[in-house]
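Before any comments, here is the structure.
Values in this document were obtained by computation on a predicted structure and should not be read as measured data. In the text below, chain A, chain B and the rest are named by the order of the sequence lines, each starting its count at 1.
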Amino acid sequence: MNNLRMHILVCGGTGCVSSDSKAVHGRFVAELAKHKMDKEVQVVTTGCFGFCEQGPIVKIYPDNIFYTKVAPADVELIVKEHVVKGRVVEKLLYHDPEKGTSEAEHRHIPFYKSQMRIALRNCGIIDPEKIDDYISVDGYAALGKALESMTPDLVVEEIKRSGLRGRGGAGFPTGLKWDAAKKAAGAKKYVVCNADEGDPGAFMDRSVLEGDPHSVLEAMAICGYAIGADEGVIYIRAEYPLAVERLRIAIAQAEEYGLLGGNILGSDFSFHIRINLGAGAFVCGEETALLNSIQGSRGEPRTRPPFPAQKGLWLAPTNNNNVETYANICPIILKGADWYSSIGTEKSKGTKVFALAGKINNVGLVEVPMGTTIREIVYGIGGGIRGDKKFKALQTGGPSGGCISNENLDLPVEYESLASVGSMMGSGGMIILDEDDCMVNIAKFYLEFTVDESCGKCTPCRIGNRRMHEILERITQGNGTMADLDELKDLGEIIKDCSLCGLGQTAPNPVLSTLRYFYDEYEAHVKEKKCPAGACKNLLKYRVLPEKCIGCTLCARNCPVSCIEGERKKAHVIDSEKCIKCGVCYSKCPVKAIVRD
Amino acid sequence: MSKIKSLDELRKIKEAAKASTDLRTTGENPDRVVLMVGMATCGIAAGARAAMSALLDEISKRNLQNVSVVATGCVGLCYAEPLVEVRVPGRDPIRYGHVNDARAREIIDKHIVQGILLDNAIIGREVPKGE
Ligand SMILES: Cc1cc2nc3c(=O)[nH]c(=O)nc-3n(C[C@H](O)[C@H](O)[C@H](O)COP(=O)(O)O)c2cc1C
């Protein structure tokens with residue numbers, strides 16, 4: 001057989017790679033060779049499919065069969081059954097835990113049903129290391145269209161009309177930004193891509209770069225053409241080695257084809273892109289600190305104005321956008337602003353990618369139209385809370401964001417609606433919290449992060465956040481007072497008002513939003529010295545119910561500090577002075593005779 | 001790789017490269033025409049691989065869009081293998097038996113391109129729904 005009849009796509013995203021997808025790929029190649037089918041069946045490494053929970057993912061075309069959790073040992077069976085004999089391997093299909101059925105095609109899986117892919121359009125379809133794959137799905141056609149038939153003004157106008165807003169957190173209209181950089185006077189201008197992705201739990205940008213690096217390069221070139229820049233810099237965190245590697249390959253391939261470099265596509269437009277590895281600080285994701293970092297200076301934010309559009313990199317007019325923002329550009333140029341602005345809500349157009357993490361069944365990457373409700377994302381796509389626990393809150397916006405409680409589950413996801421309940425869109429991390437998570441503790445966790453990451457340049461952020469953290473520490477230790485709660489609020493507001501950059505201006509948000517929606521939990525910590533979620537160890541007390549204890553000695557034998565005493569077949573006692581509250585006895589007790597309060 | 005000097009040249013590369021990803025994009029389309037080739041032991045022994053080759057060859061020669069050729073298992077009609085089932089969305093599936101190279105090419109030419117069934121080759125025609 002001379003014609004390729006089948007493609008086997010193996011996910012090469014970081015999630016699947018860490019669960020051995022490279023070995024899966026290797027086994028496919030070996031098995032196909034064994035069956036002499038290597039000429040008719042092709043094995044392709046792709047970017048992330050999003051359904052990381054079920055990885056490694058393998059997808060087979062043209063049958064369009066979606067296999068989940070494929071181990072290297074499963075490959076022999078897939079080749080023998082599916083590839084050779086055309087029989088779908090039932091046991092590797094996705095099993096719907098609710099309906100008890102299995103689904104062969106991904107679009108019938110609830111996780112994918114209400115998704116819509118624009119930024120992630122090519123992830124899981126093309127080989128990110130082959131520029132021809134990208135070109136085959138209209139890659140570089142948008143750049144070609146812009147160069148051949150659009151003036152820079154028209155490009156900016158199209159982006160403006162599309163309603164696209166920045167996906168890096170602040171939601172600033174992208175077209176206006178480009179316009180400002182275009183109008184700024186200067187012979188030398190820069191296009192910067194912010195791929196620092198510092199929010200804990202976020203991996204949207206990484207997946208775009210790993211799965212479809214050319215889409216970002218092409219968009220940066222279009223931006224360069226629009227604003228009159230000939231140089232682009234991608235600032236990417238060094239902790240993303242796979243994304244960096246794929247970007248390097250992509251840039252080299254685009255240069256070879258002349259799609260980056262001098263006189264692109266025979267025009268007089270030239271554009272070069274280079275990669276700058278991040279310095280590993282969260283604040284370097286803030287755009288002015290990022291610019292300083294590229295220049296080799298300390299990653300400290302600058303005072304604005306002047307904005308980067310006027311004085312950016314090396315003080316030249318600069319446009320900076322987030323990875324996902326750029327990933328939306330080419331479809332807008334190709335399909336038009338009207339198409340794009342028909343998706344989403346009045347003020348938030350298009351789609352947004354979210355990284356679902358925490359206590360949710362389907363951890364993964366999802367892209368939904370703006371306006372989708374939180375309930376749909378958590379319960380429809382996300383498959384609900386892990387282990388049938390109760391939903392408590394959704395954390396969005398990372399350390400700058402806040403927590404959304406049960407009562408706002410039907411909120412549509414948009415920039416304004418999230419801000420109205422004290423959270424924010426942020427870059428797209430969504431962390432799901434359940435009844436076992438203590439909201440005071442969560443607020444403390446995020447604040448700890450910002451205290452660590454504060455660059456120290458301005459006082460409110462450097463000192464104010466530390467004071468807030470100390471208060472939270474007190475509360476979770478059981479030493480808080482009601483006056484502390486007022487103090488947290490006051491300090492939080494002051495820090496927000498007085499800080500120099502977005503880091504300080506938003507750092508108190510996790511505390512303020514949990515104070516707003518979970519005040520009773522703070523109160524319980526202060527007044528009753530209790531942690532309702534049972535997460536703050538210092539407030540916990542373990543004791544044995546003598547009437548229930550059967551004296552099996554299991555707890556005593558497992559206690560790591562030997563603080564449980566008692567004779568066989570008699571009730572045991574915990575010495576709370578010595579107890580380290582590890583909870584081992586609590587989980588070991590066969591008759592639930594140990595209580596935690 | 002040589003440099004691409006115009007949008008036209010880019011389009012040419014796209015056309016050439018499409019062959020490699022068409023299999024995937026067509027596979028995603030719920031409205032595609034699917035040709036199912038029986039590739040279980042019985043099918044392969046009777047020459048299903050030659051039939052599949054001929055189908056693929058004919059499709060690529062004619063540059064047909066939106067047609068997938070998919071291997072499938074044994075449906076129990078081993079005596080009539082190689083079997084090719086044609087599934088056009090919204091229509092009843094048609095199953096052809098004893099498909100050799102020539103018949104495979106005829107299926108593409110008559111059924112897929114011209115919309116004419118190969119009456120003499122149809123096996124166990126399914127009773128149309130609702131009649
Ligand atoms: C502390 C801090 C960290 C930030 N980190 C990131 C980041 O990792 N990635 C990002 O794109 N934007 C980050 N931003 C937002 C950028 O300053 C900037 O608004 C964004 O890159 C602009 O691109 P956009 O308009 O496409 O969203 C951060 C902002 C602050 C204040």
What residue, out of [options], has the most heavy-atom pairs lying under 4.5 Å from chain A?
| options | answer |
| --- | --- |
| B/E28, B/R32, B/K18, B/R11 | B/E28 |
| B/D57, B/L55, B/I59, B/T26 | B/D57 |
| B/V70, B/L23, B/I44 | B/L23 |

Nearest 0.5 angstrom please: [X] [atom1] to [Y] [atom2], how far?
| X | Y | atom1 | atom2 | answer |
| --- | --- | --- | --- | --- |
| B/C74 | A/K85 | SG | NZ | 10.5 Å |
| A/R87 | B/T72 | CZ | OG1 | 9.5 Å |
| A/L259 | B/L10 | CG | CG | 6.0 Å |
| A/I131 | B/I13 | CD1 | CD1 | 8.5 Å |
| B/K12 | A/I135 | NZ | CD1 | 14.0 Å |
| A/R5 | B/L56 | CZ | CG | 8.0 Å |

Shorter than 4.5 Å, heavy atoms on both sides: which option in [options] has the most such pairs with chain B?
| options | result |
| --- | --- |
| A/R107, A/E81, A/E105 | A/R107 |
| A/L143, A/D132, A/L147 | A/D132 |
| A/P62, A/G258, A/G266 | A/P62 |

Check each atom of [X] against the heavy atoms of chain B and say whether the ones under 4.5 Å are side chain, backbone, both or neither.
| X | value |
| --- | --- |
| A/L9 | side chain |
| A/K130 | neither |
| A/E256 | both |
| A/N263 | neither |
| A/E255 | backbone |
| A/V84 | both |

(request) Inspect the surroundings of NZ in A/K80 and state if more than 12 heavy atoms from other residues, nucleotides or ligands are less than 6.0 Å away. (result)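 No.
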
(message) Would you say NZ of A/K36 has more than 12 non-hydrogen atoms from neighbouring residues, nucleotides or ligands within 6.0 angstrom?
(response)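 Counting other residues, nucleotides and ligands, NZ of A/K36 stays at 12 neighbours or fewer.
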
Flag the pair [X] / [Y] as yes when at least one side-chain heavy-atom distance between them is below 4.5 Å, and no otherwise.
| X | Y | answer |
| --- | --- | --- |
| A/Y140 | B/I4 | no |
| B/T21 | A/I125 | no |
| A/V137 | B/R24 | no |

(request) Take B/R49 and A/E40, measure what side chain to side chain contact (heavy atoms under 4.5 Å, CB included) needs, and give me the verdict at the end. (result) CA-CA 11 Å; B/R49 291 174 61 79; A/E40 60 191 81; 2.6 Å; yes

(message) Minimum heavy-atom separation for A/D138 and B/K14, please, with both atom names.
(response)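 For A/D138 versus B/K14, the nearest heavy atoms are OD1-NZ, 2.6 Å.
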
(request) Please state whether the side chain, the backbone, both or neither of B/S60 comes within less than 4.5 Å of a heavy atom of chain A. (result)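 Contact with chain A is through the side chain of B/S60 alone.
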
